[in-house]
Amino acid sequence: MLRHVPIAIRLAVVLILVSSPQVLAQTHGDVEPSVIQGRLVVDESNSVPVAFSTGYKIFEGNLGDLYGGSLKTNDPGFVAASGSFLSGEQLWYQAIGKLNFWNGTSWVAAPDNISLKLEDALGSDTLITAAGVINPLGVIDAADSSGGIHRHLDFSISDSNPAGSYLATLQLSSRDASGNLPSPYLDSDPFHIVFNQGLSAPAFEASTIALTVPEPETYAMFLAGLALMGYTARRRGRRD
């Protein structure tokens with residue numbers, strides 16, 4: 001009977017997470033840069049889900065949406081409210097890590113034939129693959145006269161097969177109005193963007209939810225901790 005406990009707990013956690021406000025949030029919304037205590041943040045309102053294993057915020061895009069054809073999207077965008085920055089200050093991205101792929105049951109390295117391309121505001125391309133990142137830095141936009149930013153960059157995938165979800169990881173950085181360093185603000189924490197390529201809406205959302213759910217090994221550690229706490233409490237009770 002005990003061997004079924006981890007499965008039961010995992011199912012319970014999934015149900016709780018699926019019904020929680022964070023998981024139900026509109027994760028396909030735009031990245032919303034702002035500055036808190038001198039550091040860039042991407043979701044000041046804490047309205048998007050968080051990946052369990054990394055602690056990074058999760059945003060979504062749909063490759064093959066109405067914009068750009070079957071392998072392209074310009075979502076999520078980067079939208080900063082007026083007053084977020086000084087006029088002319090530049091917002092940049094840095095792609096980090098590797099391209100990952102949801103195969104229907106787990107997140108794994110993307111197939112070797114797949115690359116995700118991100119074109120920056122100046123037309124320079126960043127390529128993200130299972131092997132790593134080529135040309136990781138790019139310009140998003142400069143703040144307008146009101147200190148706001150509204151920019152959609154182009155994301156595209158190199159092939160339509162295999163269908164699935166693709167995950168890339170970015171980080172925001174900044175430069176002054178002349179494009180020079182040092183940065184006016186500390187870099188943001190990294191964040192994930194999960195792209196749908198050919199999945200139904202429920203199947204795609206399942207891939208996002210999987211990022212927020214702990215792995216079985218975590219449950220094993222949790223149960224071991226509970227057992228140790230129970231054993232300690234019983235020993236104290238006997239001594240008392």
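Here D30 contributes atom CG and R151 contributes atom CZ; the two are 13.5 Å apart, rounded to the nearest 0.5 Å. Atom CG of L153 and atom CG of N74 lie 8.5 Å apart (nearest 0.5 Å). Atoms CD and OH, from E89 and Y185 in turn, are 3.5 Å apart once rounded to the nearest 0.5 Å. Taken from CG in L199 to CZ in F204, the straight-line distance is 8.0 Å, to the nearest 0.5 Å. Note that CG of L172 and OG of S34 are 10.0 Å apart. Values are rounded to the nearest 0.5 Å. Annotation: the span from T169 atom OG1 to H192 atom NE2 amounts to 4.5 Å, rounded to 0.5 Å.
Residues P76 and F155 share a closest heavy-atom pair of O-CE1, 3.8 Å. Between S174 and L181, the shortest heavy-atom distance links the atoms O-CD2, 4.2 Å. Here the closest heavy-atom approach between residue Y93 and residue S124 is recorded as OH-O, 4.4 Å. Here the closest non-hydrogen pair linking Q171 and P190 is NE2-CD, 4.1 Å. Nearest heavy-atom pair, N161 versus D159, reported as atom, atom and distance to 0.1 Å: N-OD1, 3.1 Å. Considering every non-hydrogen atom in both V50 and I58, the closest pair reads C-CD1, 3.9 Å.
Contact of the N196 side chain with the W102 side chain is not registered, since no non-hydrogen atoms from C-beta on lie closer than 4.5 Å. A 4.5 Å side-chain heavy-atom check between L99 and I114 finds at least one atom pair inside the cut-off. A 4.5 Å side-chain heavy-atom check between L211 and S207 finds every atom pair outside the cut-off. Two residues are said to be in side-chain contact when any heavy atoms from C-beta on lie closer than 4.5 Å; P111 and P162 meet this criterion. In this structure, N135 and L127 have side chains that are not in contact, with every pair of non-hydrogen atoms separated by 4.5 Å or more.
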Is there a side chain to side chain donor-acceptor pair (under 3.5 Å) between E60 and T208 once you walk through the steps? CA-CA 9 Å; E60 290 182 0; T208 301; 3.1 Å; yes

Candidate pair D141 and L91, rule side-chain contact (heavy atoms from CB on, under 4.5 Å), full reasoning: CA-CA 6 Å; D141 206 353; L91 187 67; 5.7 Å; no

Can you list the steps and then say if T126 with E119 is a side-chain contact (heavy atoms from CB on, under 4.5 Å)? CA-CA 6 Å; T126 294; E119 182 180 341; over 6 Å; no

Evaluate the side chain to side chain donor-acceptor pair (under 3.5 Å) criterion for residues Q94 and W92: first the C-alpha distance (whole Å), next the side-chain angles of each, then the deciding distance (0.1 Å), finally the verdict. CA-CA 7 Å; Q94 179 174 358; W92 288 54; over 6 Å; no

Pair Y166, F195 - check ring pair (Phe, Tyr, Trp, His ring centres under 6.0 Å), show working. CA-CA 5 Å; Y166 292 87; F195 295 95; 8.7 Å; no

Side chain to side chain donor-acceptor pair (under 3.5 Å), that's the test. Do D154 and S156 meet it? Break it down for me. CA-CA 7 Å; D154 289 340; S156 58; over 6 Å; no

Go through it in stages, so that I can follow the logic: the residues are D75 and H152, the test is side-chain contact (heavy atoms from CB on, under 4.5 Å), and I'd like the CA-CA distance, side-chain angles, deciding distance and then a yes or no. CA-CA 7 Å; D75 286 324; H152 287 258; 3.2 Å; yes

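Under a 3.5 Å cut-off, the side chain of S158 and the backbone N or O of S115 do form a donor-acceptor pair. Side-chain atoms of E205 never come within 3.5 Å of backbone atoms of P202 as a donor-acceptor pair (strictly under, hydrogens ignored). Judged purely by atom type and a 3.5 angstrom limit, D120 has no side-chain atom pairing as donor or acceptor with the backbone of G138. Between the side chain of R39 and the backbone N or O of D187, at least one donor-acceptor pair lies under 3.5 Å. Remark: the backbone N or O of G148 is not paired with any side-chain donor or acceptor of S84 at under 3.5 angstrom. Between the W107 side chain and the L167 main chain, no donor and acceptor come within less than 3.5 Å of each other. Under the 3.5 Å distance criterion, the side-chain polar atoms of D176 are matched with a main-chain donor or acceptor of S178.
Looking at residues two or more places apart in sequence or on another chain, you find a side chain to side chain donor-acceptor pair (under 3.5 Å) between D65 and T73.
Transitive grouping of hydrophobic side chains (ILVMFWY, heavy atoms separated by less than 4.5 Å) brings L63 and I193 into a common cluster. No continuous path of hydrophobic side-chain contacts links I36 to L186 [ILVMFWY only; heavy atoms under 4.5 Å]. Hydrophobic clustering, with ILVMFWY side chains joined whenever heavy atoms are under 4.5 angstrom apart, keeps V41 apart from I149. Linking Ile, Leu, Val, Met, Phe, Trp and Tyr whenever their side-chain heavy atoms come within less than 4.5 Å puts L71 and F101 in one cluster. No path of Ile, Leu, Val, Met, Phe, Trp and Tyr side chains, each step under 4.5 Å between heavy atoms, connects I96 with F59, placing them in separate hydrophobic clusters.
More than 12 heavy atoms of other shown residues, nucleotides or ligands fall within 6.0 angstrom of atom CG in N180.
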